[in-house]
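Quick notes on the structure that follows.
Since we're looking at a predicted model, the values are computed, not measured. Numbered from 1 within each chain, the chains take letters A, B, ... in sequence-line order.
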Amino acid sequence: MYKVLKATFITIWSLFVLFPIMWAITTSFKPESAVVNGATFIPFLEYQPSLIGWKAILPGPDSLTNLLTPTLNSFIVTAGATAVSLIFGSLAAYGLSRFTYGWKNYSNADIIFFFVSQRIMPPVVLAIPFFLLLKELKLLDTHLGLILVLTSGLMPIVVWLMVDFFNALPREIDEMAMLEGCNPIQAFFRTILPLSKPGLTVAGMFCVIFGWNDIFFALTLTATKVLTLPVAVIALNGTVTPYWILAASTVFSIIPLVGLAFVIERFLSRGNLGGAVR
Amino acid sequence: MSLILKNVSVTTEKDGVILDDISFEFKPGRIYILIGRTTSGKTSLMRAIAGLLPIDSGQITMNGEDFEDKPIWERDVAVVYQQFINYPNKSVLQNVEFPLLRKGLKKSEAREVALASINKVGLGDYLDRKPAQLSGGQQQRVALARSLSRQSHIMLLDEPLMNLDYKLREQLRVEFKELFNSQKDAVTIYATTEPPEALILGAEILVMHEGRIIQYGSPTEVYEQPQSTTVARVISDPPMSILPVSLSAGEIRFGDGYSQPIPAKMKNFKEGHYQVGIRANDIVSAKSGGEKGTISLVEVSGSETLVYVDTPAGEVVLQMEGIHDVKVGESISIELPGNRLFLFETNGALCVSPDSAGE
């Protein structure tokens with residue numbers, strides 16, 4: 001009985017959640033006639049699927065706009081911010097997990113809070129300072145500028161997640177590595193990092209999702225040269241664009257994340273920490 | 001060529017004094033057993049030697065080199081912990097190779113040494129397994145192989161048998177003796193809480209208590225001449241019974257009641273208050289006479305029975321061969337043979353120990 005209820009609930013909830021996405025997917029394959037004359041549902045029967053929407057967003061003779069360039073920009077910015085955040089964030093987290101820092105009454109916990117507090121502030125507050133900062137640095141409308149700004153938002157998440165993860169790893173492992181001739185940096189890279197794949201995967205996924213979906217900073221700090229995908233999609237929305245093209249563009253923009261979710265799922269296995277300390 | 005500790009002290013805010021002015025010279029080629037209760041400072045002493053616990057004052061030198069300026073990774077100290085620490089992502093072979101490669105051995109040399117060491121601990125068939133796929137005893141052997149293969153000049157073992165089951169302990173204890181003896185130039189320090197382990201492995205015994213080394217000597221010396229009641233308690237298993245007594249003209253009186261003629265060895269001592277200690281296997285249960293008491297606890301362990309008796313003088317533990325059908329609450333008469341008594345001052349210092357051949 002419980003199982004049936006559970007299955008029913010999950011099914012209904014999934015339909016509810018997935019419906020807009022399914023609607024977007026079907027709409028992206030509809031021709032003009034199938035959209036403007038009221039709702040149509042069944043392909044081949046009620047309407048003939050067409051690629052008109054997709055052709056409009058990809059390069060080619062029927063192209064309305066080319067989303068491939070913004071995709072590349074988004075890719076560079078996301079990958080860059082994620083890489084920088086993961087590298088420096090996990091190093092910071094390792095330090096905070098294994099060593100004690102302090103000044104007067106302030107200790108590691110306060111440093112961690114400092115990192116997390118970066119996320120408490122609404123990004124709107126930061127828009128103008130960041131704009132002025134990047135202007136002075138001549139980094140407005142550049143990949144590097146956007147990467148740096150995104151990193152400032154992503155690294156706190158990495159630090160926060162990874163401190164917890166490193167705390168859960170037995171200290172004896174790094175002690176042993178040091179006893180066996182590794183200095184702290186080598187101990188980190190040779191023994192702790194290989195054990196941290198699950199944690200880094202989760203942190204990296206957060207970074208990629210936040211980075212890919214960022215629209216606020218991309219909108220305020222870049223203009224034409226570094227147009228990212230979300231901004232490009234929103235820009236389509238601002239002009240008079242047919243629904244089927246809009247649908248195609250939104251579906252196009254979520255494809256990478258969906259793909260990533262499927263790939264990453266298999267990395268998120270627990271249990272590879274067994275055997276360090278009984 | 002030895003490891004010398006000079007006035008080593010460690011005090012922390014949380015635990016107070018951990019190591020209290022320890023001075024000792026560990027010579028290479030010997031096995032030193034650190035014995036003491038938990039929190040007596042055994043682990044802290046090892047961590048201090050390894051560099052994992054910074055020392056507040058004093059000096060640690062190895063072959064004349066001061067350890068103070070040497071970070072942990074340059075000290076070349078091999079450690080086997082109570083928990084089995086292996087790198088979970090590496091196979092058995094890689095685990096053992098790792099420290100060798102760090103030490104600068106060539107890939108082929110490292111493999112050779114690692115294989116020899118793994119075979120020595122009997123894990124030759126498990127080279128590619130991950131630690132999680134091994135049993136507890138096997139994991140501890142991997143840790144052991146890793147430490148042995150390094151040929152370090154200092155080898156520290158912190159209760160390495162603690163988490164293993166009885167059978168395996170017996171087996172490894174015997175193997176340890178051989179393995180350690182093959183380490184000719186190394187200072188081997190082995191910490192344990194268990195007297196039998198100390199006595200079996202026994203080379204030199206250091207008894208630790210509250211951060212100090214309170215007695216040092218061969219197993220027989222420490223066993224037969226414990227310099228204080230603390231040492232006697234730590235080194236005796238089953239525990240030594242320690243009772244307050246008073247000596248007076250020709251008599252030794254236990255607590256307020258039972259008295260017996262004074263043993264010859266104690267005749268020369270002043271009258272007054274003392275403590276006596278007696279080992280469980282030296283106490284005799286008597287049909288009549290002797291000290292009367294009530295049995296408070298009975299532990300049967302196969303070949304012997306431990307009986308805890310409440311007497312007017314205090315609690316006494318007596319060990320009887322074989323299984324005995326005694327019940328809690330019954331009264332029992334016990335005799336404390338005069339020639340088996342240790343006499344201690346009230347402050348715990350040893351006055352008289354029984355003759356070793358005094359059966």
Spacing of OG belonging to B:S152 relative to CD belonging to A:E180, to within rounding of 0.5 Å: 8.5 Å
Qualifying salt bridge (Lys or Arg N to Asp or Glu O under 4.0 Å) pairs, either residue in residues 68-89 of chain B, two or more places apart: B:E65-B:K70, B:D76-B:R150
Interatomic distance, A:R190 atom CZ to B:Y87 atom OH [nearest 0.5 angstrom]: 10.5 Å
CD/B:E112: more than 12 non-hydrogen atoms of other groups inside 6.0 Å: no
A:F88 atom CZ, over 12 foreign heavy atoms within 6.0 Å: no
A:I173 side, atom CD1; B:N89 side, atom CG - distance, nearest 0.5 Å: 8.0 Å
Nearest non-hydrogen partners of B:W73 and A:C182, listed with the distance: CB-O, 3.2 Å
Within-4.5 Å side-chain heavy-atom neighbours: B:P71 and A:N183: no
Crowding at CZ, B:F24 (>12 non-hydrogen neighbours, <6.0 Å): yes
Residues of residues 92-111 of chain B with any heavy atom under 4.5 Å of a heavy atom in chain A: B:F98, B:P99, B:R102
Contacts of residues 44-54 of chain B with chain A (heavy atom under 4.5 Å): B:R47, B:A50, B:L52
Crowding at CZ, A:F99 (>12 non-hydrogen neighbours, <6.0 Å): yes
Considering all heavy atoms, the nearest B:V79-A:M176 contact: O-CE, 3.6 Å
Contacting region of A:A187 [heavy-atom separation from chain B under 4.5 Å]: neither
Sequence-distant partners of A:R171, salt bridge (charged side-chain N to carboxylate O under 4.0 Å, His left out), two or more places apart: none
Over 12 foreign heavy atoms within 6.0 Å of CZ, A:F216: yes
